[in-house]
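Per chain, numbering begins at 1; letters A, B, ... match sequence-line order. Since we're looking at a predicted model, the values are computed, not measured.
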Amino acid sequence: MQLLDNKVEFRKSLLSWYKEEKRDLPWRHTSNPYYIWVSEVMLQQTRVDTVIPYYERFIDKYPTMETLALAEENELLKMWEGLGYYSRVRNLQIGVQEVVESYGSEVPNNRKTISTLKGVGPYTAGAVLSIAYGIPEHAVDGNVMRVISRILLIEEDISVPKTKKIFEDVVMELIDKNDPSSFNQGLMELGATICTPKPKCLLCPVREYCSAFFEGKQEELPVKSKKLKKKIIPVASFAIRNEQGQWLMKQRPSKGLLANLWEFPMVELKGDATPLEALIEQYNITPIEPDELISFKHLFSHITWEVKSFLAHLTGMEKVPEEFQYFTSEEVEALPKAVPVLKIWEEIKNV
DNA sequence: AAACCGTGGCA
DNA sequence: TTGCCAAGGTT
């Protein structure tokens, strides 16, 4: 193969390009394994530009693993508010607690041990090991699969889980043992800036090693089959105020969608029940004079909510299910909420 | 293996 | 507007 015959030259081209062109990112100013770990978790399925402000705030608030280990759940979720995939931060805290308690606050420096930590999968393990410790381990993400699939003209379906091993093996074959950090980050940087879904091959530092470019097939790779259709779920959300001006809210279940985040009473709309009837049916709450607020769609990765929202009232003396509590506007502001709830809150916070 | 788990940017 | 997708992991 073209590439495998020229490994040394390929590494040199990639590394010199990376050292010259790499973006100046906050987590590239440190080799603290904990900071690298935080950045890698935030970057899972999330764009660099989105992550930067969250990363800065998070490290500022939790500068050490001990501070994160002791953080309270609502405060922690609030730091993650708007980032999505909220189980990431819960798992990160559990993983950090394990490191503090079982490994003397030293992030493990081998794949076997670090992979036992909550939320640390094959990619994150390899990323922390190579970037923080300089250990030659593969860190195969979507970027790397796109880049390598083009360079070696690999036409396996990358949506199939077992395909990833092909790329991990290739990376272990190619990786620069003198600078695994720059090599892995270089592959990702290339995927993020040049070897994008619509590639800019004329700017590519390694196009002379690229079989797909040679064949003119770069736009057809990587092969990716899966696309599931989103299920549509109509829901109604009731922002309910008592006579003291407090808001009725509940915490979502600790597992599943938007786990542990706070929301106004929300019901799924099925059949031909009205929103109010659905609310009474599910929670036995009967608010006074509901006024319709905004309606909108919120798209998750696998489902779509069609949200109708209402503003309504109770005296505050009525019986409500245990999981509900009244909060002042200031307290509501401090609770971690998902984006659809934030949207409703923005509409009513000043009434 | 396949489904679940968020969000915002962009063509 | 709709669909795709971006430094994945868990169950």
- Quote, to the nearest angstrom, the C1' distance that separates C:dA6 from B:dC5. 15 Å
- Using the P atom as the reference point in each nucleotide, state the distance between C:dT11 and B:dG6 in Å, no decimals. 14 Å
[X] side chain: which of [options] is closest?
X	options	result
A:Ala338	B:dT7, B:dC5, C:dT10	B:dT7
A:Arg47	B:dG6, C:dA6, C:dG9	C:dA6
A:Lys164	C:dG9, C:dC5, B:dC5	C:dG9
A:Val339	B:dG6, B:dG8, C:dG8	B:dG8
A:Pro161	C:dA6, B:dG8, B:dA1	B:dA1
A:Leu257	B:dC5, B:dA1, B:dT7	B:dC5
A:Asp141	B:dG6, B:dC5, C:dG8	C:dG8

With heavy atoms under 4.0 Å as the rule, sort [X] into base, sugar-phosphate or nothing.
X	answer
A:Val120	sugar-phosphate
A:Thr50	nothing
A:Leu299	base
A:Arg28	base
A:Leu342	nothing
A:Thr124	sugar-phosphate

Residues [X] and [Y]: side-chain donor-acceptor under 3.5 angstrom:
X	Y	answer
A:Gln185	A:Tyr18	yes
A:Thr124	A:Trp37	no
A:His29	A:Asp24	yes

- Whether A:Phe310 and A:Phe238 hold their rings parallel, tilted or perpendicular, with breakpoints at 30° and 60°: parallel
- Task: Check whether the ring centres of A:Tyr326 and A:Trp247 lie less than 6.0 Å apart, and answer yes or no.
- Result: no
- Message: Both A:Lys255 and A:Ser39 contact DNA chain C. Which one's nearest nucleotide lies toward the 5' end?
- Response: A:Ser39
